[in-house]
Amino acid sequence: MKTNKYLHLWLPIMGLHALHQVEESISFWQWYIDFVDKIPSWLQLPRISENAHLVNAHPEYFVWASIGQLTLAAVIAFLCRKSEKATRFALTLYLAGLSFFLVWHILISYFTHSYSPVMVTCLIGVYFIPKWGVQLFKSTFKAWFF
């Protein structure tokens, strides 16, 4: 059986996601409540304000949601382990979603002129996500350009 050349990307991507969730659980939700009035309407995601108040009052909800997200990613990684095409598709979606939220955090921090408590993982993601994307599509890039 041929080994899946993309399996090694799951662990670092999920590690960044887990680190981001830990960082977000520390005090992001209170920060969001404090600065939501400074965030432009085009950057405000539906129901985030409601969820921020709920999570701030009941942090265990966020812990369970984080565990659920990471468990879902692990199950998808397990289900896709035998197919490189499925793994690459799942990792592409995962990286796109993670990138969206990391860039969203950076933008809301920029517009509020205040650094949110998740900037470390956002900046780590700005470095690693393109690197992982290149690893994911290296063979595709070679086929297109060489």
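All values derive from a computational prediction rather than experimental measurement.
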Can any side-chain N or O of Arg81 pair as donor or acceptor with the backbone N or O of Phe78 at less than 3.5 Å?
-> yes
Any donor-acceptor pair under 3.5 Å from Thr112 side chain to Ile39 backbone | no
Between Phe101 and His20, does a ring-ring contact (aromatic ring centres under 6.0 Å, His included) hold up when you go through it step by step?
-> CA-CA 10 Å; Phe101 281 104; His20 181 73; 8.2 Å; no
Taken to the nearest 0.5 Å, the spacing of Ile129 CD1 from Leu98 CG works out to 4.0 Å
For Pro117 and Glu23, the nearest pair of non-hydrogen atoms, with its separation, is O-CG, 3.0 Å
Would you find more than 12 non-hydrogen atoms of other residues, nucleotides or ligands less than 6.0 Å from Trp64 atom CH2?
-> no
Backbone N/O of Ala74 and side chain of Trp10: donor-acceptor pair under 3.5 Å | no
Minimum side-chain heavy-atom gap Leu16-Thr121 below 4.5 Å = yes
Just how far is it from atom OG of Ser116 to atom CG of Asp34, taken to the nearest 0.5 Å?
-> 12.0 Å
Quick one: do Leu102 and Trp42 end up in the same hydrophobic cluster if we chain Ile, Leu, Val, Met, Phe, Trp and Tyr together by side-chain heavy atoms under 4.5 Å apart?
-> no
If Ile, Leu, Val, Met, Phe, Trp and Tyr residues are connected whenever their side-chain heavy atoms lie under 4.5 Å apart, and connections chain through other members, are Ile48 and Leu43 in the same group?
-> yes
Side-chain contact test, heavy atoms from C-beta onward, threshold under 4.5 Å: evaluate it for Trp31 versus Ser109 and give yes or no.
-> yes
Look at the side-chain heavy atoms of Ile, Leu, Val, Met, Phe, Trp and Tyr, link any pair under 4.5 Å apart, and say whether Leu11 and Leu19 land in one connected group.
-> no
Between Ile76 and Ala90 the two heavy atoms that sit nearest each other are CG2-CB, 3.7 Å
Contact summary for Tyr6 and Gln135, nearest pair of heavy atoms = CE2-O, 4.0 Å
Side-chain touch Trp132/Leu91, heavy atoms, less than 4.5 angstrom | no
Does some side-chain heavy atom of Trp29 sit less than 4.5 Å from a side-chain heavy atom of Glu24?
-> yes
Distance, nearest 0.5 Å, that separates CZ of Phe28 from CE of Met119 = 10.5 Å
Do the non-hydrogen side-chain atoms of Tyr61 and Asn51 ever get within less than 4.5 Å of each other?
-> no
For Gly125 and Pro130, which heavy atoms make the closest approach, and how far apart are they?
-> O-CD, 3.7 Å
Donor-acceptor pair, Ser83 side chain versus Cys80 backbone, under 3.5 Å?
-> no
Check: Val126 and Ile106 side chains under 4.5 Å, non-hydrogen atoms | yes
In Å, rounded to the nearest 0.5 Å, how long is the span from CD of Gln69 to OH of Tyr94?
-> 8.0 Å
In Å, rounded to the nearest 0.5 Å, how long is the span from OG1 of Thr87 to CG of Leu7?
-> 5.5 Å
Under a 4.5 Å cut-off applied to non-hydrogen side-chain atoms, are Ile108 and Tyr32 in contact?
-> yes
Any link between Ile124 and Phe100 through a network of hydrophobic side chains (Ile, Leu, Val, Met, Phe, Trp, Tyr) touching at under 4.5 Å?
-> no
Return yes when atom OH of Tyr115 has more than 12 non-hydrogen atoms of other residues, nucleotides or ligands closer than 6.0 Å, and no otherwise.
-> no
Honestly curious: do Val55 and Trp104 fall in one hydrophobic cluster under the side-chain, below-4.5 Å linking rule?
-> yes
Supply the atom-to-atom distance His113 NE2 to Phe35 CZ, rounded to the nearest 0.5 angstrom.
-> 11.0 Å
Lys5 side chain reached by Glu84 side chain, heavy atoms, under 4.5 Å | yes
